[in-house]
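Chain letters run A, B, ... following the sequence lines, proteins first and then strands; every chain starts at 1.
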Amino acid sequence: MKKLLFITMSGLLLGAWGCKKDSEFLDIPPIQIVPNEVAFSDPALVLSILGDLYNRQVDFTSLDGYSDGTPGWRTFTDFSESFPSENGSNYIVQRTGWGYGEWATWDYAYIRDLNLFIQRDSAATQLTESDKSRFLAEARFLRANYYFELVKRMGGVPLITNPLQYDYKGDATSLQVPRAKESEVYDFIISEAEAIKDKLPADANVKSRASKAAALAMEARAALYAASIAKYGANTPQVSLPGGEVGIPATMANGYYTTALKAAQEIINGNAGPYQLYKVLPDLSDNFAAIFLDKSSVNQESIFIEDFKVGGRTHGFTVNDQPFSISDENGSSDAGRLNPSLNLVQSFERLDNTYVPIQTTDVSGNPVYYADQLDAFAARDARLAGTVLLPNGLFKGKRVDIWAGYQLADGSIISSDNYVNQKPLPGTTNPVQVVGSDGTVNGLEARSQSGFYIRKYLDPTIGSGRRGRGSEVAFIRYRYAEVLLNAAEAAFELGQPAVAAGYMNQVRARAGLTTPLAVTDITFDRIVHERRVELAFEGHILFDMKRWRIAHIVWDGTPMTKADLVSNIGKATKRNTQPWGLWSYKYYNPGNPNNGKWIFKEVLPAVVTGANRFQFGNYYSTINDNIRAANPKIVRQPNQ
Amino acid sequence: MKIRYYYIVLITLSIAVISCKKDNYDAPSSTLKGRLVYKGDSIGVERDQVPYELYQYGFGKVGAIASSFAQDGSYSALLFDGDYKLIIPGGQGPFMWKQTATGAPDSLAITLKGSQTLDLEVTPFYMIRNPQITGSAGSVSASFKVEKIVTDSVNQKDIERVSLYINKTQFVSGGDNIAAIDLGGADIADPNNITLNVTVPAIVPTQNYVFGRIGVKIAGVEDMIFSPVQKIQF
């Protein structure tokens with residue numbers, strides 16, 4: 001009986017299992033893929049897809065580095081604005097120029113994913129209309145922003161705005177799209193920004209997602225780039241292609257400048273939210289540094305940021321660049337890598353709006369003695385101490401210890417290769433420290449070799465310098481001060497220097513330069529200089545020099561002498577091919593009134609053997625052979 | 001476990017038999033070499049700065065065999081026999097290379113069958129004639145003549161500057177030098193008779209010779225044209 005029951009039950013069970021139709025047998029919904037209809041039915045799911053697209057944005061400088069393994073700090077070096085104090089990166093100051101392929105990007109997989117997102121979001125039926133249009137606008141913003149990145153580096157590129165489909169018939173010519181004109185790509189970015197700006201929130205607290213101000217800031221910057229390529233491209237007629245893929249006709253300059261000014265003014269007038277310059281802390285240098293540290297709603301200067309969070313995604317910028325003597329990773333080589341150069345430091349003006357090199361000698365050539373190292377940098381633009389950690393500067397409540405040795409009365413120097421190797425001073429037997437624990441020693445990595453450390457983005461939070469934790473300081477892609485400078489430049493080029501002076505003086509007053517520039521003071525050199533000091537280490541210098549077509553003059557491959565270094569400060573076309581340092585020495589001469597005071601010397605770090613040379617072929621990065629072989633309609637870049 | 005040696009022998013033998021196939025291609029053995037010349041006179045350039053590209057069609061994707069000219073304007077490439085096309089990419093070199101109607105560099109067809117010497121005839125904007133470089137321990141002086149070759153109003157270019165470079169090693173150019181002296185194009189009184197003097201700095205370790213070279217920078221052209229390198233013994 002029991003047996004019979006068993007057999008019957010088994011039979012029934014088998015029947016129930018086996019009775020699926022043959023045609024449905026393999027028709028099982030996949031469990032590892034979310035189908036489009038499902039994904040685009042729930043705003044949380046759509047946001048997670050969008051999150052991936054946000055993550056894949058390409059920045060020229062990036063706190064967490066590139067996916068190819070380039071660490072974040074290294075993306076901020078180069079161009080003689082800084083010195084890399086890490087032996088594996090010495091090549092940056094030892095090469096004599098850049099390969100034509102440097103800075104290239106060609107991520108059409110990303111564009112395809114954006115196009116697919118736009119197509120699917122447009123077809124979604126179960127999202128609310130407001131969600132749907134915001135997501136759509138965000139994806140269009142990201143696409144325009146990536147096309148901006150492409151056109152900055154490559155010139156005109158194929159404009160693909162729909163996901164292309166291959167028909168598997170063996171003929172791919174329908175997918176081979178030629179390069180658009182450079183101006184057409186800029187026009188696309190501008191028209192996209194105009195189309196989406198009102199679909200994005202006009203809210204100053206939306207920072208890590210696209211907002212109305214982000215779209216307008218992108219539009220202003222893009223239009224300004226296009227305008228200056230049109231205007232200054234006339235100086236380099238050889239950097240152009242007959243089809244317009246590279247180069248913009250000079251006649252279009254005014255139109256673009258007008259667009260740039262209009263877009264920037266829309267933000268300045270408050271149409272996109274209450275943005276303003278960050279003026280919170282009483283010390284102007286601390287205040288300037290805090291723009292990059294403060295992520296609260298108090299910061300109404302940052303417009304669009306790449307955000308980080310402890311426990312999720314952090315970056316190692318502070319780990320790599322913290323002062324060696326104040327490091328959270330005690331004694332390791334994870335410290336002090338990014339050293340700003342004297343070239344940059346001396347270009348910060350004095351508070352009376354004059355350009356003066358750091359005084360190391362008086363008129364008769366004798367050294368100037370300073371009681372405090374910081375005195376050498378006194379009465380300068382507050383952005384200097386906000387951007388650069390100066391010798392004896394404060395970080396996390398401690399003073400950095402940067403000095404190169406003792407100088408004796410006879411001019412000889414007592415120093416050592418590391419601060420732990422002590423030596424006695426003349427007339428004494430007790431060994432003492434004869435070089436700073438933060439440098440400067442040639443070739444000693446992780447300590448300053450230029451005499452300076454970076455302060456911008458350096459996170460004073462406890463633990464931010466530990467490898468395991470990292471820092472959550474955000475990278476600001478667009479901020480209000482840049483919008484003001486963009487507006488100033490556009491206004492200047494449109495023959496409205498009074499408007500330009502008004503915007504520039506706002507930015508300068510925040511940095512302590514309270515004597516306003518007169519209308520007649522506004523020149524091309526002034527504009528170039530203001531961007532260099534305000535936006536240092538924010539990924540602008542290369543593209544600015546490119547669009548003004550002065551990169552090949554500034555980086556001409558000729559080594560710099562000390563006379564080159566200290567002359568013509570504030571001139572746009574000043575040679576800037578090698579990062580110089582400023583080393584300080586403690587004067588040892590017991591009985592002399594200057595005993596124990598500091599002297600400074602301009603020094604070219606011994607590691608610097610190359611001189612940057614920017615060739616005409618560097619203006620637009622190579623489109624490599626693979627891309628051109630796959631699509632013969634792509635024309636080559638000029639001069640390479 | 002009993003080890004069966006004949007398996008080992010068998011496997012070794014079969015590996016040996018399979019791998020002992022001869023390479024199916026010989027290494028490239030034909031040398032293509034030559035110089036940049038203008039009417040028989042060779043043209044000096046900066047080392048590794050003026051590229052040329054060789055293309056061979058018919059093998060999948062098209063990509064260049066890219067290389068660059070040496071200081072004396074010579075080039076050489078070790079290649080398989082076959083049909084090649086040679087170009088000098090646009091905007092490279094202190095000379096004009098023939099262009100197609102659309103402005104792309106025109107290609108030079110080369111049929112390679114055994115080694116071949118092929119001088120590339122180009123039209124430089126200027127030529128340096130009669131370069132004389134002499135020196136003593138303190139200074140090096142050069143005298144030369146600059147001859148304008150391209151004179152038609154469309155393509156002619158002005159001289160931006162003439163320079164005298166000296167270096168410790170035989171590589172001498174704007175990027176490789178221990179001392180240089182420039183003379184702006186506007187300051188040249190007589191292009192038929194230019195003299196330049198450069199002071200020789202202290203050389204560590206001491207050596208009683210330097211290498212010198214005259215360069216002409218042409219306005220709007222990136223690469224300079226150079227005279228041959230001369231060794232100057234003090």
Side-chain angles (χ1 to χ4, degrees), chain A residues 94-101 172 178 234-247 549 551-553 555-561 564 575 577-578 609-620 622-640, chain B residues 46-66 68 87-94 96-97 99-105 107 125 154-155 157 160-161 163 165 167 171 173-182 201 215 217-224:
Chain A
Q94 293 178 337
R95 59 185 169 190
T96 50
W98 300 275
Y100 291 149
N235 299 340
T236 52
Q238 56 279 81
V239 185
S240 64
L241 287 173
E245 294 88 352
V246 163
R549 295 292 193 257
H552 67 283
I553 304 171
W555 300 305
D556 67 350
T558 309
M560 284 170 78
T561 60
D564 279 344
R575 179 177 293 154
T577 52
Q578 290 179 316
T609 52
N612 286 326
R613 179 172 182 215
F614 190 98
Q615 295 176 267
F616 287 132
N618 286 114
Y619 271 106
Y620 292 90
T622 309
I623 299 175
N624 71 37
D625 288 342
N626 259 340
I627 298 165
R628 285 188 295 118
N631 180 359
K633 290 180 187 157
I634 303 264
V635 294
R636 275 175 86 123
Q637 304 285 30
N639 306 309
Q640 48 175 269
Chain B
E46 184 171 353
R47 178 186 68 92
D48 203 21
Q49 289 297 329
V50 183
Y52 64 91
E53 293 181 347
L54 285 159
Y55 290 88
Q56 192 179 24
Y57 289 84
F59 299 93
K61 285 182 177 173
V62 178
I65 304 168
S68 60
I87 64 158
I88 293 176
Q92 305 290 331
M96 295 203 294
W97 181 255
Q99 291 188 332
T100 60
T102 59
S107 60
F125 294 101
V154 182
N155 293 315
K157 310 235 185 235
E160 186 176 314
R161 57 164 206 270
S163 303
Y165 297 109
N167 200 12
F171 296 109
S173 67
D176 289 311
N177 65 69
I178 52 169
I181 187 85
D182 295 337
K217 173 80 173 71
I218 302 145
V221 178
E222 196 159 67
D223 295 305
M224 295 171 72

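In this structure, B:Glu222 and A:Tyr100 approach most closely via the heavy-atom pair OE1-OH, 4.4 Å. Here the closest non-hydrogen pair linking B:Gln49 and A:Gln615 is OE1-NE2, 3.1 Å.
Contact annotation for B:Gln92: only side-chain heavy atoms (C-beta onward) come within less than 4.5 Å of a heavy atom of chain A. Only the side chain of B:Ile87 has a heavy atom closer than 4.5 Å to any heavy atom of chain A.
We find the CG-OG1 distance between B:Asp48 and A:Thr96 to be 8.5 Å, quoted to the nearest 0.5 Å.
Although no hydrogens or angles enter the test, the distance criterion places a donor-acceptor pair under 3.5 Å between the side chain of A:Gln238 and the main chain of B:Gly220.
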